[in-house]
Amino acid sequence: SERMRFIASKSGMHWRITFISTSCNDLVASGRDRKPNALVQVAVIDPYKQHLVSQACTEIVEANKDPLFLTGVAFPSEYPASPETLVKLTVYDAKDKNQESVSKQLFCSACNSFLGSATFSVGDLLRAKDEQLTLSLRSSDGVCAAGTVVVSRLKMGEMEEVDVDHITTDIPSQKVNQMVVFYISLLSSCLSLTVFRNPVCKVYRFQTVDSKWMFVREQMEECTLSFSIPKQLLSLYIQEDMSRVQDLRELGDLSPHWDNLRKEVMTRYGGIISSYQETLAELDKITGHSFKPSCCKAQKSLEFIPINLHTQRMRVTCPKKTDAFYDIVTVGAPAAHFQGFKCGGLQRLLSRYEAEKKSTAYQCIYYSPEHTAKAQEVLSTMSLLQPLITSLADQLLLAAHEHSSPGLRDALKNLSDKTEQFVHTLKDELVKSALLALHAAQPGFGLPGHSPAASVTESTVVCNNVEGSQTMTGGEGGLLQPKHQDSIPHHKEYDEEEWDRIWANVAKCLNCVIAMVDKLQEEDSSKQESVPEQQLADVITSHNPGDWREQLCPLVTRLKECVMEVAEKAKRAMTFVLLQEAACSIPQGFLLQQRRDVVFSQALAALACGFVMRLYAGMQDKGFLRQLHLVGLVAQFESLLSTYSEEIGMLEDMEVGISDLQRVAFKITEAKTDELDHFTVEVPLPQLVFQTLPEEIKEGKPLRVFPVLFNVGINEQQTIAERFGDISLQERINQKNFETLEAYYKSLSEKVPLECLPCFQTQTDIKELLETLGQNVVTKKRKNVEILWIAGTICRRLNGIRFTSCKSAKDRTSMSVTLEQCALLRDEHQLSKDFFVRALDCMRREGCRIENVQKNIKCRKYAFNMLQLMAFPKCYRPPEGTYGKVDS
């Protein structure tokens with residue numbers, strides 16, 4: 001595959017300088033009686049074209065004439081700096097700490113005072129002792145009395161020349177067979193697609209408790225899966241709905257009542273197909289974008305795209321220690337912003353809808369959600385098994401034609417296994433009851449002698465709603481109260497044994513095939529035994545190879561015909577079940593399904609992004625790969641949404657979307673696949689990488705994820721909810737997902753040695769952390785953010801995938817990510833307590849997260865005001881000058 005070299009590597013005659021750090025000595029402020037608030041602007045000058053290539057700034061160090069800047073400067077990886085490349089350092093005295101003033105008005109004398117500048121070449125720095133230069137600052141009048149600046153090249157450990165920060169694949173072009181498998185890195189229009197792109201790098205140096213320096217590098221990137229996964233999912237939805245419409249057409253003639261319902265359902269599906277096709281067409285027009293900014297969260301054409309999806313990696317280099325890195329995925333809460341939250345989110349809407357469905361008399365036989373799910377399962381299984389049985393039957397005939405006894409035995413065994421599975425699938429009471437119901441829905445069933453009331457036993461519930469009257473008919477035609485939702489129709493006028501005879505014929509046909517194969521092999525064996533050994537070769541040669549095929553062909557043909565007949569009947573029956581469910585769902589059910597599709601699309605794109613990032617990070621970790629295929633990975637979603645106003649609707653959407661991820665499995669392939677499964681996300685890998693994986697993963701074993709969601713609101717709206725409102729939703733979510741996390745750990749500890757898990761400096765046992773988390777979940781404490789901290793720690797200890805969300809993954813998310821990073825530096829890398837607050841302010845003021853804000857709203861300010869921040873926990877408050885009223 002294409003290798004994206006780390007930005008410190010050498011390429012030909014060009015050098016790519018990585019990062020530099022700066023400090024100053026003896027700075028002289030414009031006012032001699034005060035110390036300057038210093039910052040350094042770093043600019044790269046092309047020596048040949050003599051123009052500015054890029055520029056960056058350090059943080060502001062207040063009231064210090066000898067400032068040591070913690071924020072380093074990362075040079076752009078796309079610029080191949082040569083030894084002749086010039087770097088200009090300009091030192092300013094910042095009068096205004098406002099983030100916008102610093103970034104936009106460096107040359108404005110009203111906002112910043114020029115103190116001095118110095119220029120050096122890349123070659124000078126690389127040739128200098130210890131790769132460090134001390135330069136004199138030239139003041140505006142040319143007198144070297146402004147102080148000195150010290151420039152050092154930061155070295156990020158031994159991994160500088162290893163491809164750890166860019167993930168690319170190079171896969172031969174191939175056509176995707178169907179739309180049920182999502183391809184992570186394959187689009188039919190390109191041969192090689194970078195999963196992560198547009199990196200933003202920030203570097204720092206912080207002091208440890210033993211007065212040594214650690215180097216920290218943040219890298220934030222967009223993910224192309226933000227668009228590719230939703231587009232493939234939309235194509236899947238369109239194909240599925242088109243298939244449903246075709247199945248409904250193939251039901252045949254129905255009575256006027258059922259025919260009208262069918263037409264209405266088909267019209268609804270047509271509307272969804274048209275809407276999804278329009279959305280897909282709009283997405284296909286978008287090129288060059290890899291993320292949806294927060295200001296577009298309610299845009300109709302982008303509603304399937306996750307909000308502000310980014311990956312962030314923090315890499316830490318400490319003296320005499322192996323480099324460590326920590327990954328996190330940030331994304332706006334998966335929610336249907338375009339549809340709004342006036343009536344709540346999915347969790348509330350679905351509960352209300354199911355309650356109304358049970359209490360209302362619909363124009364159909366009401367099948368339970370379990371029956372509907374079973375019908376979908378039967379349809380899916382038949383669609384896979386029927387063509388497979390046909391193919392295996394043809395293989396059996398081919399083996400017979402070749403007179404191959406081993407081939408015949410193998411083909412027969414496979415055919416028997418799949419046919420028995422087929423018969424077992426159809427041996428379900430639901431199939432029989434649905435055939436009876438379909439018979440009752442055909443024209444002429446209600447004629448004299450075929451009264452619906454007389455044809456339904458007491459165990460049947462048939463709902464009628466004609467001209468506004470609602471009655472329940474059953475038994476002898478009297479009124480019945482609604483029965484339980486698992487009631488099934490039972491019509492006396494229909495031959496109940498017909499279906500049993502039809503599907504039993506499949507088993508009989510298979511037995512005939514088995515008996516014929518046994519007979520042919522016995523005859524062949526007896527012939528060979530009765531012939532002298534010297535004549536055996538002549539007998540085999542003279543034997544007509546068509547004998548076996550001729551005798552088997554009628555039986556195999558009959559088996560295929562029976563399978564096809566049974567499959568067609570069962571398909572019509574299950575389609576009728578789904579028609580009844582769809583008819584009961586008009587119109588609210590269809591609207592809710594569309595909302596659920598939108599939310600699931602956003603959640604799936606985020607999960608796929610996190611899975612790929614985690615997979616590449618653990619590719620050389622045998623313990624991780626073992627855990628991956630034996631148990632699966634936990635995907636922990638941290639949410640900072642409040643349980644008040646619109647955000648409670650977002651949280652209700654997010655809860656359902658994250659829960660739906662339980663239906664997702666991942667599959668590692670060598671960029672080719674034959675088996676298709678619902679909601680399987682394929683991750684094609686280059687051949688050399690693929691060959692290093694365990695056999696279970698290479699064989700295509702589905703890799704499970706266990707999504708868990710923990711929410712703690714931290715803003716002023718959560719204060720209102722806690723004092724005057726209701727936080728039961730948050731409490732229920734945290735309790736339920738704690739139980740899921742606890743069950744995952746139990747399963748993991750039973751199947752995988754705990755030695756396979758990563759080692760951390762903090763020695764707290766995972767079991768003890770779980771107990772603490774459980775106590776916090778049930779404790780009545782306002783804004784108990786310890787729940788989030790402990791859940792995040794457990795996730796990392798379990799090799800899991802970390803996600804952090806708020807409404808737009810921009811402001812509160814930035815506070816959480818930077819706090820988590822500094823906590824990791826403190827707990828795992830001995831960050832000095834004197835540097836903790838400075839490190840936190842540096843990351844929030846000059847790090848990747850403020851760049852994320854800039855990308856989203858074109859403004860370097862977090863969308864907070866002073867009143868809001870008073871309600872925030874102190875550790876979630878940004879530094880002065882980095883927040884204000886902005887349009888987010």
Side-chain angles (χ1 to χ4, degrees), residues 175-183 187-189 224-249 262-287 289 292 296-307 309 332 334-340 345-346 349-350 353 372 376 379-380 383 575 578-579 581-583 585-608 653 656-657 660-661 663-664 676-681:
K175 185 178 180 181
V176 180
N177 300 357
Q178 297 182 26
M179 304 306 292
V180 265
V181 177
F182 304 106
Y183 285 87
L187 293 178
S188 58
S189 60
T224 57
L225 303 183
S226 288
F227 280 79
S228 64
I229 289 290
K231 285 165 69 174
Q232 292 180 69
L233 189 58
L234 275 167
S235 297
L236 167 63
Y237 288 150
I238 291 167
Q239 282 206 355
E240 283 186 338
D241 286 350
M242 284 180 168
S243 177
R244 291 188 182 112
V245 170
Q246 184 61 31
D247 291 344
L248 289 172
R249 287 197 182 103
R262 171 169 60 179
K263 289 177 181 176
E264 191 173 356
V265 169
M266 289 171 64
T267 300
R268 289 283 177 178
Y269 277 131
I272 294 175
I273 292 170
S274 177
S275 173
Y276 285 4
Q277 286 175 334
E278 184 179 336
T279 299
L280 187 57
E282 289 296 318
L283 292 178
D284 285 336
K285 294 176 184 177
I286 299 173
T287 57
H289 289 274
K292 179 173 79 174
C296 298
K297 67 171 72 74
Q299 189 171 323
K300 173 71 169 71
S301 61
L302 297 177
E303 63 178 341
F304 283 85
I305 309 300
I307 302 165
L309 175 62
H337 289 272
F338 172 76
Q339 298 179 36
L346 273 172
L349 293 171
L350 287 170
Y353 167 68
T372 304
Q376 291 171 334
L379 282 172
S380 176
S383 67
T575 300
L578 298 181
L579 168 63
E581 171 65 19
S585 301
I586 295 173
Q588 186 62 19
F590 281 84
L591 295 174
L592 283 177
Q593 188 57 53
Q594 285 179 271
R595 186 183 190 102
R596 198 166 188 168
D597 289 347
V598 166
V599 174
F600 178 71
S601 173
Q602 296 177 25
L604 178 63
L607 178 66
D653 273 358
V656 174
D660 283 346
L661 293 177
R663 298 181 290 152
V664 175
L676 300 172
D677 195 10
H678 218 41
F679 296 136
T680 296
V681 183

Any side-chain heavy atom of Val599 sitting closer than 4.5 Å to one from Val656?
no

Can you check whether Ile238 reaches Met242 side chain to side chain, under 4.5 Å on heavy atoms?
yes

About how many Å separate CD of Glu303 and NZ of Lys292, when rounded to the nearest 0.5 Å?
8.0 Å

Between Pro306 and Ala605, the two heavy atoms sitting closest are CG-CB, 3.8 Å

With Ser601 via side chain to side chain contact (heavy atoms under 4.5 Å, CB included) - residues at least two apart
Pro230, Leu233, Phe304

Quick note, side chain to side chain donor-acceptor pair (under 3.5 Å) partners involving residues 267-279, not counting sequence neighbours, are Tyr276-Asp597

When every non-hydrogen atom of Arg595 is compared with those of Ala336, the smallest separation belongs to CG-CB, 3.7 Å

Testing the basics here: between Glu282 and Ser301, what is the closest heavy-atom pair and its distance to 0.1 Å?
CB-CB, 3.9 Å

Going by heavy atoms in the side chains, are Phe600 and Leu661 under 4.5 Å from each other?
yes

Would you compute the distance between atom CD1 of Ile229 and atom CG of Leu607 and round it to the nearest 0.5 angstrom?
9.5 Å

For Leu591 and Gln339, the nearest pair of non-hydrogen atoms, with its separation, is O-OE1, 4.3 Å

Would you name the heavy atoms of Ser380 and Ser383 that are closest together and state the gap between them?
O-OG, 2.6 Å

From CD1 (Ile273) to CD (Gln239), nearest 0.5 Å
10.5 Å

Least distance between heavy atoms, Arg262 atom then Leu579 atom
CA-CD1, 3.8 Å

Ala335: what forms a side chain to side chain contact (heavy atoms under 4.5 Å, CB included) with it, not counting sequence neighbours?
His337, Phe341, Met650, Asp653

As an exercise, state the distance from CG of Asp660 to CZ of Arg596, rounded to the nearest 0.5 Å.
4.0 Å

Inter-residue atom distance Leu379.CG - Asp247.CG, 0.5 Å rounding
7.0 Å

Side-chain touch Phe227/Leu302, heavy atoms, less than 4.5 angstrom:
yes

Hey, could you give me the OG1/CD distance between Thr372 and Glu581, rounded to the nearest 0.5 Å?
3.5 Å

